[in-house]
Asker: 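Would you mind keeping the following structure in view while I ask a few things?
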Amino acid sequence: MNEYIHTLQEFMTQTKGMLYLLSAGYLISFVAFWRFLHGRDKEDNPKVQAKK
Amino acid sequence: MMITMDIKGRSITGFLGIISILIVLCVVSFSGCGQSEATSLEMRPDIIEIDAVLSAGDTTRPAVLFPHDMHTDGIAEQGKDCSRCHLKDTDNQFSTKYMRLSDDRGQSVIDLYHDNCITCHNERKSANMSSGPVVCGECHRGEPIMVSSRQQMGFDYSLHNRHETENNSDCSLCHHVYDEEKKELVYIKGQETSCRFCHLPQAVDNVLSMRQVSHQYCVSCHLGKDKGPQNCAGCHDKKMQMAIKTIEDPPRINRNQPDFVLLSVAAPDLESGKLNTVPFAHDAHERFTNTCRDCHHNSLKACKDCHTLAGNELGEGITLRRAMHDLSSDHSCVGCHEKQKSELECSGCHSLMEQGRLSEYACTVCHTGPSPADLASVNSHYRSLDAFRPEPASVKMSFSDDDIPDTTIIGILSDKYEPVSMAHKKHIERLMTNIESSKLAGHFHRHEDVICQGCHHNSPVGEKPPRCASCHNIQFDETHLPELRLQGAYHQQCFGCHQSMKNEQTSDCVKCHAEKSISDGVTSPDRFDEGVINE
Amino acid sequence: MTESNPTVERPLFCRFNIIAGIFITIGLWLTYLRFTGGLGAVSNLDHYNPWGFWIAFDLLCGVALAAGGYTTAAAVEIFGMKKFHAALRPAILTGFLGYSMVAFALLYDVGRPWRLPYPFVVSPGVTSVMFEVGACVALYLTVLFLEFSPTALEWIGAKKLRRIAVRLTVLLTIMGVVLSTLHQSSLGAMFLLVPSKLHPLWYSPYIPVFFFVSSIAAGLSMVIFEGTLAHNSFKDKMDEQHLKSADHIALGFGKGASFVLAAYFAIKVFGVALGNNWHLLGTNYGIWFLVEVFGFILLPCFLFAIGVREQNVKLIRWTAFLTVLGIVVNRLNVVLICFNWQLPADQRYFPHWMEIGISIFVITVGLVIYRFIVTRMPILYEHPDYKKTH
Amino acid sequence: MSSTSRRNFMKWITVAGTAAILPKGAKAHGQFDGYPNSYGVLHDTTLCIGCRSCEAACNEVNDFPQPEKPFDDKSVLDEKRQTNDKCYTVVNKYEKDNNAKSPVFRKFQCNHCKEPACASACFVGAFTKTPEGAVVYDATVCVGCRYCLIACPFYVPTYEYDEALEPRVMKCTMCHPRLLDGKLPGCVEACPQGALTFGKREDLIKTAHERIRKHPDRYIDHVYGEKEVGGTNWIYLSGIPFEEIGFHASLGTTPAPELTSGALSMVPIVIGVWPALLGGIYVMTQRKEKIAAEEKAEAVKNAVDATQATANEEMKKASEKAKQNKEKAVEKAVKEALDKATKQSGKESS
């Protein structure tokens, strides 16, 4: 892959671009994962609390 | 907490106090932009740095710059002489040291300087004469107010000759040799050499340093005879040095030096030395040097005695080849010749040429003597070696004068300016006279048409040298980008030569080629439209 | 309005509105000049100094001083310091208005303001630190808007929307802190690119950390400072819970600020050590650096500590003002005073009065909106029908 | 645990977190040596005679408006001039009083760095380093933020400050369009002295060192631009130290993008670590609060039970006492009644 990248500027453009996309993806998936992780917690879940 | 301050009661004013301090600090830090005014440093040739105490090591203050001539004038006013500060040593010579003979160090020397100098200054101040500083900081100055413009002084042939005639050539006055057994200085005829060969910059056990010797002998002699310079500026100031009367081509110093010699390797290397010896006109070269030391930088012996073929520790490992050909040294033959090339007459062509390139052709110019092997027979056979003395050749042309074009028209690039008509022959004649005037040039420009090589470089020599455009292309050619395009080549060559031969450097183009007159309203083609360069 | 303190009517032509009116008219005239005559007509910006007072003050100082939003939100929501809850909404409001003012001021400095979305939409230049700053500021502006929305929705009375907004607060706070860490530090990282132009005492690989840590101190001080101002002019708007915890907030935030300023002072000294620039402390800029570090970082830290130990709220409020001043001095140093320090005096920059005029105009607009919101929306008091819900 | 120590703990987490932000040196130095055969220009300041034909050519190629003083007027050289948005290059004269080589003329324009700071700084990528070697600017995406003017260590890019709506950044383009169709840059073409030599950068560097070798006392043994800021395509030779002809000597050799790559590489780390860290803290405080709430609730319950128990005992005691009292009272009452009865019967019987 390296022979296509001639300058440090090109290298950084590609790497930083990829990093930004990955970070955006991570942030969104983090929220989903958070909700998934805490989905069944009894205390937090108002419905569960009300029933008890 | 570090400081328990009861500032419950601190009022707003207290707090504002802090703010105001900060503001003041800001102003101070910016107003303090130091504009260091340039102190003008006084240039003096007579400055001696009194650091005799330095080696004692306990110096807390910078060394004192002592203007010697100022003091000698001051003392002369009071009618005193050197003895005011200098003591006489055993053989009745003024010692160069101040008020002492031995070079002891430490506090005693410091007190010596302080007591004498300060008391003298105070005396003069009380007698309201011009006087020097008495406060520590004014002598021991961090920022010096004067700087030394001292120039190295030395004898050259003319000065040596003047001294010779002055003392009706009694060499024993200055020259002497140290006799080991008798442990004293004796004069031996025929062994006179330069003082610097024994008296080195630093004193070595009982051999005085060149500085001490030259001042004790020369200055005291001048004082005794009341002739010649007697203060520092007299010898060491550049202008005074220029003012010294010089004798045009002074007669040769007769120290039975050879007139003509065949430079070759030392005896042990005679078999292994292959290159021919070099016939060397010692007498002719003396005229082009100022002192013997220009070549004999260490002793008056022959170069080959120290510089052997393979080099030995006596010659500090410098081989004969390097001693003779080292371009960067002033003592070597080729080094000295190289320096000549920057003279006005020669630099026209030579400044444009690569410096320091030894052309193979040049070897045969010098190595024309017999081979070292049969040197012995030659020496015995010939009464004098003048037969080997090369005679300067006149520049030879392989074609007659009238074949040389009178003027050449350079118009291939002509666009905004008229073609240049160059006075070709006049240039050649000028260069010819330059070469003829110098025997050195005569020897080295011996082969044919060498003179054309100045401009028609990097090409076979002959009547029809190639055109400049054949190597320096005009059009931009991506595949082959020459170092220099034609226009640049023309200008660099002409400007380079004119500039280094000190014709004026001009940047207005009309001096060489007239502007093209646009008479019929047709504007000259816009240089950057398509197809702009006309062939 | 709570019954406990009398309502102060605010006539339309009270002193504040008159002055604001004057500034706004001047501002509008300057805006007209700016967008007809170009940048050259209203500023001293030139070939050597492309960034001037707007970037230094409105952008860098604006962003640093609007850091109150994320610091308070983090303290209250994430670190669970419920006692500072009363300070949350004013801080979010200050943050939101601060960033809006930053964006508004940016429109003046940038040559083609309508192309501001280009880095994200048209052609991203990801190697630039400014891309990261732009992205984070834009995102954080939306986060602040969402954090601010519960207050506005309460005012409008959209209950269902408000419940969704409230449930998002924790997520928004976390995103707020992430984004703030990024762009506060990256505002400093932008100057990593110019080692030859910024004075070595201020230029250091630590600049991003300097900017981030100082923004925490700025945020905390700004909340205290903003609380003081709010007390002076909007006391009647505050409910008793707010009034009671005001002093407590000042002390708590003062202790936090003192703590962070100590860390900031330490890493500033480390910065000098890292570059081995001790010898520069003797020069003029060295003295100015010492003034900034000892006068505007160590002094406030020390005064905050004294204030907290002696429970002297007045001292803490004044020191908050000093810290805010310190942050402004630092940002001006990095962008203007110690930038191009090696150029001769005639190529150095000094703001044009019109630049300062436009900055004042932007701040006045911000203050007017602040007054509008504070006097109407439940910022300094709790909306009656949501007494205990959040 | 009083609230202050917890707050200190939180503060330490922030400070420790920020310490993680310390930029690590980027590793990319020296890996990239640029486009293989890109062009450049060698400017030999010892040959320049200050005739300003290059300025005239540049003005013509880019058809800039004519300046008020014509190009052959040498008086403008008396004070130092800068490039501006209507002039990409200027020649400046540098006098040195007692130096045989003065005055020295030197041309100023964009150096077309191999790793341009302006390209690295532009957040819309308006500057690109072309394979031909020129660094060109694209006005169609430029936002006008002027970070490139800040970034350039040579102060090259200029800005149309008096243009209200369509301001552009203006700088020398090495006549990129001309290069594409096989022509020399205007200034190189116009230079009569050959002080500007166009060619491939590698060849130019060889040529420059060759010239230094050939004429050691005419040149300072340093080719400016060979390594400065990571190397530039426009390289310089000089007879006097470079600081004396307007060069900034201590620019260092680190290419511009590398200066910020350390800090930029920290961005994803913060994005990655912060949410987890803050989320964790949030969960911790929630749990702590929940536990605190439970403990409080329990404490309340215990307190209630305890009071309940004591109340019961007292009640029990009280009720027993009350019972006893009642029994005593009953007995007393019965006794009284009996007495009364006996007395009555006594009375009756008597």
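Chain naming here is simple, since letters A, B, ... match the order of the sequence lines and numbering starts at 1 in each.
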Asker: Tell me, do D:Y155 and C:L343 make a side-chain contact under 4.5 Å, heavy atoms counted?
Answerer: yes

Asker: With a 4.5 Å cut-off on side-chain heavy atoms, are D:L264 and C:V129 touching?
Answerer: yes

Asker: Under the rule for side chain to side chain contact (heavy atoms under 4.5 Å, CB included), what residues qualify as partners of C:H352, not counting sequence neighbours?
Answerer: C:N44, C:M354, C:E355

Asker: Taking C-beta and beyond as the side chain, do C:P195 and D:L259 meet within less than 4.5 Å on heavy atoms?
Answerer: yes

Asker: Can you tell me which of C:T36, C:I267, C:T173, C:V178 forms the most heavy-atom pairs within a distance under 4.5 Å of chain D?
Answerer: C:V178

Asker: For D:T83 and C:H47, what are the C-alpha separation, side-chain angles and deciding distance, and is it a side-chain contact (heavy atoms from CB on, under 4.5 Å)?
Answerer: CA-CA 9 Å; D:T83 51; C:H47 176 66; 3.9 Å; yes

Asker: I want to check something: taking the side chain as every heavy atom from C-beta on, are C:Y118 and D:C142 in contact at a cut-off of under 4.5 Å?
Answerer: no

Asker: Kindly indicate, with the supporting measurements, whether the criterion side-chain contact (heavy atoms from CB on, under 4.5 Å) is fulfilled by D:Y159 and C:L39.
Answerer: CA-CA 10 Å; D:Y159 186 72; C:L39 262 174; 3.8 Å; yes

Asker: Of the backbone (N, CA, C, O) and the side chain (C-beta and beyond), which part of D:E160 lies under 4.5 Å from a heavy atom of chain C, both, or neither?
Answerer: neither

Asker: Under 4.5 Å from any heavy atom of chain D, what part of C:Q184 do you find: side chain, backbone, both or neither?
Answerer: neither

Asker: Go through the atoms of C:M190 and report whether side chain, backbone, both or neither lie under 4.5 Å from a heavy atom of chain D.
Answerer: both

Asker: Taking the side chain as C-beta and beyond, is there a heavy-atom pair between C:S196 and D:P153 under 4.5 Å?
Answerer: yes

Asker: Which one, C:L106, C:V170, C:L116, C:L171, leads in non-hydrogen pairs under 4.5 Å with chain D?
Answerer: C:V170

Asker: State, yes or no, whether a side-chain contact exists between C:Y48 and D:Q82 at a heavy-atom distance under 4.5 Å.
Answerer: yes

Asker: Mind checking the CE-CG spacing from C:M175 to D:L278? Nearest 0.5 Å is all I need.
Answerer: 11.0 Å

Asker: Could you tell me which residues satisfy side chain to side chain contact (heavy atoms under 4.5 Å, CB included) with C:V76, sequence neighbours excluded, listed by chain and number?
Answerer: C:T72, C:F84, C:H85, C:L88

Asker: Under 3.5 Å, is there a donor-acceptor pair between the side chain of D:Y161 and the main chain of C:L45?
Answerer: no

Asker: Using non-hydrogen atoms only, which part of C:Q342 is less than 4.5 Å away from chain D: side chain, backbone, both, or neither?
Answerer: side chain

Asker: Any idea which of D:D162, D:I150, D:T260 has the most non-hydrogen atom pairs under 4.5 angstrom with chain C?
Answerer: D:I150

Asker: Contact part of C:V133 toward chain D, heavy-atom cut-off under 4.5 Å: side chain, backbone, both or neither?
Answerer: neither

Asker: Heavy-atom distances under 4.5 Å only: say whether C:V122 touches chain D with side chain, backbone, both or neither.
Answerer: side chain

Asker: Using heavy-atom distances under 4.5 Å, tell me whether D:Y147 contacts chain C through its side chain, its backbone, both, or neither.
Answerer: both

Asker: Give me the contact list for residues 124-131 of chain D versus chain C, heavy atoms only, anything under 4.5 Å, ordered by residue number.
Answerer: D:V124, D:G125

Asker: If I measure from the heavy atoms of chain C, does D:I271 come under 4.5 Å with its side chain, its backbone, both, or neither?
Answerer: both

Asker: Please list, chain by chain and in numerical order, all residues satisfying side chain to side chain contact (heavy atoms under 4.5 Å, CB included) with D:N59, sequence neighbours excluded.
Answerer: D:F64, D:Q66, D:P67, D:F71

Asker: Against chain C, label D:V283 side chain, backbone, both or neither, depending on which of its atoms sit under 4.5 Å from a heavy atom there.
Answerer: neither

Asker: Specify the closest pair of heavy atoms between C:W51 and D:C145, including all atoms of both residues, with the distance to one decimal.
Answerer: NE1-O, 2.8 Å

Asker: Can you tell which of D:V267, D:N84, D:T158 has the highest number of heavy-atom pairs within less than 4.5 Å of chain C?
Answerer: D:V267

Asker: Return the minimal non-hydrogen interatomic distance between D:S120 and C:T127, and the atom names on each side.
Answerer: O-OG1, 3.1 Å

Asker: Is it the side chain or the backbone of C:V110 that comes within 4.5 Å of chain D heavy atoms, both, or neither?
Answerer: both

Asker: So D:H248 and C:K197, do their side chains get closer than 4.5 Å, heavy atoms only?
Answerer: no

Asker: Enter the distance from C:L179:CG to D:W274:CH2 here, rounded to the nearest 0.5 Å.
Answerer: 13.0 Å

Asker: In this structure, are over 12 heavy atoms from other groups packed under 6.0 Å from C:K82 atom NZ?
Answerer: yes

Asker: Provide the closest heavy-atom pair for C:G80 versus D:T285 in the form atom of the first, atom of the second, distance.
Answerer: N-CG2, 4.0 Å

Asker: Report which part of C:F120 has an atom under 4.5 Å of a heavy atom belonging to chain D: side chain, backbone, both, or neither.
Answerer: neither

Asker: With a 4.5 angstrom heavy-atom cut-off, could you sort out which part of D:C122 is near chain C: side chain, backbone, both or neither?
Answerer: backbone

Asker: Can you measure from CZ (C:F212) to CE (D:M266) and round to the nearest 0.5 angstrom?
Answerer: 14.0 Å

Asker: Of all of C:I55, C:N49, C:I174, C:V126, which one pairs up most often with chain D through heavy atoms under 4.5 Å apart?
Answerer: C:I174

Asker: Does atom CZ of D:R168 have more than 12 heavy-atom neighbours, drawn from other residues, nucleotides or ligands, at distances under 6.0 Å?
Answerer: no

Asker: Could you walk me through whether C:D109 and D:R146 pass side-chain contact (heavy atoms from CB on, under 4.5 Å), step by step?
Answerer: CA-CA 9 Å; C:D109 187 78; D:R146 305 187 301 288; 3.0 Å; yes

Asker: What closest approach, in Å, do C:L193 and D:A121 show between heavy atoms, and which atom pair accounts for it?
Answerer: CD2-CB, 3.5 Å

Asker: Are C:W114 and D:L165 packed together at the side-chain level, in the sense that at least one heavy-atom pair is separated by less than 4.5 angstrom?
Answerer: yes

